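The model shown is predicted, which means the values in this text are computed figures rather than measured ones. Note that these values count all heavy atoms, side chains included, but never hydrogens, waters or copies made by symmetry. We number each residue from 1, following the sequence as shown.
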Amino acid sequence: MNQALEGLLDLLDLEQIEEDIFRGVSRPSIVPRVFGGQVAAQALVAAGRTVPDDRPAHSLHAYFLRAGDPGAPIVYTVDRIRDGRSFTTRRVVAVQHGHPIFHLSASFQTYEEGLEHQTGIPDAPDPETLPTAAEMLPRHLPAHVAERLVEARAAVDLRYADVPPWGTVGQPREPRSQVWFRANGKLADDSLLHVCLATYVSDMTLLDSVLLAHGRGGWAVGDVVGASLDHAMWFHRPFRADEWLLYDQESPSSSGGRGLGQARIWTQDGRLAVTVIQEGVVRVPR
């Protein structure tokens, strides 16, 4: 396990300061605010800490309300909305400087047998044949920007199946992108940890497909400004975040200064593990 992944796992290991109240810290980001995937993952950790281990998360719905301050702790307060025979519901509010910055609702379910079907996994290159971030990013970005981006993502081995948005600035493309990802090290056999790590990664590239449709390079090159607005995930089947996962993303629409991304996450052997939808602010600087 590399040092960056150890640091991320430390971030997800929240301090409990009172019953149903937890405190987390942040890590440096390439933008002057807390990375949205971190807040979402920490909030899901807080919710999961109040739920029996035999009830894994099956969905979350969240809103990003304010930019987080990376220099201040974040307090997560959990409301135990419902404890049913099959389902458990939790609501989490993340607070900084006396104001809510993030709101999450999550649902957990006991395992049960049921009807089973899924769509097929899309075609994608073998992740082992793709360049690592450290190999690929310097080809398309200034050295100092590439170095910061590689450092920010060092806990995860994330590999683009095609050229990322900042590699084709000015060339509109089909609004679809694929990345393979896995944790940069072995993780414990804790289903909540694997779900939370996938939640963390899910906010890294989901709006890339919006940028591709307009030939924009994104936050890394500064030709758009933006932020996540809301985020939803459905966890369909168990998976391990330390094994290769295919993140297949597309954007069906952008309008009104907002862009929508939708995606599916697949295990390498073709099981549909997660569905993700996010809307974000995507504005052209004036």
Side-chain angles (χ1 to χ4, degrees), residues 36-37 40-41 44 55-62 86-87 104-130 156-165 172-183 187 191-213 228-255 258-280 282:
L44 188 56
R55 296 194 174 201
H58 77 85
S59 70
L60 67 83
H61 301 263
S86 298
F87 292 89
L104 174 140
S105 294
S107 185
F108 303 76
Q109 181 192 12
T110 57
Y111 175 79
E112 62 180 82
E113 297 286 345
L115 300 175
E116 183 85 22
H117 82 276
Q118 67 167 61
T119 58
I121 185 172
D123 292 334
D126 184 332
E128 300 290 351
T129 67
L130 300 173
V156 179
D157 187 350
L158 189 150
R159 306 189 185 193
Y160 282 86
D162 203 347
V163 180
R173 291 159 48 190
E174 180 184 4
R176 182 173 181 178
S177 64
Q178 291 180 326
V179 298
W180 287 95
F181 72 88
R182 65 180 175 184
L187 299 175
S191 63
L192 179 63
L193 176 61
H194 291 264
V195 164
C196 289
L197 197 90
T199 300
Y200 176 85
V201 177
S202 69
D203 191 40
M204 285 184 176
T205 62
L206 186 50
L207 297 182
D208 280 3
S209 50
V210 177
L211 306 177
L212 291 173
S228 303
L229 289 172
D230 56 18
H231 199 81
M233 303 180 73
W234 293 264
F235 305 102
H236 308 301
R237 294 171 179 83
F239 62 89
R240 294 191 63 91
D242 54 5
E243 297 177 352
W244 284 119
L245 296 168
L246 175 64
Y247 199 12
D248 187 70
Q249 306 152 96
E250 64 178 345
S251 174
S253 175
S254 63
S255 64
R258 306 182 316 278
L260 185 70
Q262 59 187 25
R264 292 170 176 167
I265 298 177
W266 307 80
T267 62
Q268 195 171 12
D269 62 1
R271 290 178 295 113
L272 178 58
V274 189
T275 296
V276 191
I277 297 180
Q278 180 185 88
E279 188 171 48
V282 183

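Qualifying side chain to side chain donor-acceptor pair (under 3.5 Å) partners for Ser105, counting only residues two or more places apart in sequence or in other chains: none. When the side chain to side chain donor-acceptor pair (under 3.5 Å) test is applied to Ser86, no partner is found at least two apart in sequence or on another chain.
Here the shortest heavy-atom pairing between Phe181 and Val156 reads CB-CG1, 3.9 Å. The two residues Ala41 and Thr199 make their nearest non-hydrogen contact at N-CG2, 3.9 Å. Annotation for Val274 and Phe239: closest pair CG2-CE2, 3.6 Å, computed over non-hydrogen atoms. The nearest pair of heavy atoms linking Arg55 to Thr110 is NE-CG2, 3.1 Å. Considering all non-hydrogen atoms of both residues, Leu187 and Ala183 come closest at CD1-CB, 4.0 Å.
Within the 3.5 Å criterion, the main-chain N or O of Met233 finds no donor-acceptor partner in the side chain of Ser59. With hydrogens and angles ignored, the 3.5 Å screen pairs no side-chain donor or acceptor of Arg240 with any backbone N or O of Thr267. In terms of modelled atom types and a separation under 3.5 Å, the side chain of Gln178 and the main chain of Ala161 share no donor-acceptor contact. Judged by distance alone, the side chain of Gln249 and the main-chain N or O of Val276 form no donor-acceptor pair under 3.5 Å. For the pair Gln109 (side chain) and Ser107 (backbone), a donor-acceptor distance under 3.5 Å is absent. With Ser254 contributing its side chain and Gly259 its backbone, the two residues share no donor-acceptor pair below 3.5 Å. Here the side chain of His231 pairs no donor or acceptor atom with the backbone of Gln278 at under 3.5 angstrom.
Rounding to the nearest 0.5 Å places CG of Asp248 at 10.0 Å from CD of Gln262. Separation of atoms CG (Asp208) and CG (Asp162) is listed at 11.5 Å; rounding is to 0.5 Å.
The environment of CZ in Arg264 is sparse: at most 12 heavy-atom neighbours from other residues, nucleotides or ligands sit within 6.0 Å.
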Output side-chain donor-acceptor pairs under 3.5 Å for residues 122-130, partner residues at least two apart or in another chain, one line each.
| from | atom 1 | to | atom 2 | distance (Å) |
| --- | --- | --- | --- | --- |
| Asp126 | OD1 | Glu128 | N | 2.9 |
| Glu128 | OE2 | Trp244 | NE1 | 3.0 |
| Thr129 | OG1 | Asp126 | O | 2.6 |

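Results of the ring-ring contact (aromatic ring centres under 6.0 Å, His included) test with His58 over Phe87, Phe235, Trp234 single out Phe87 as the only residue that passes.
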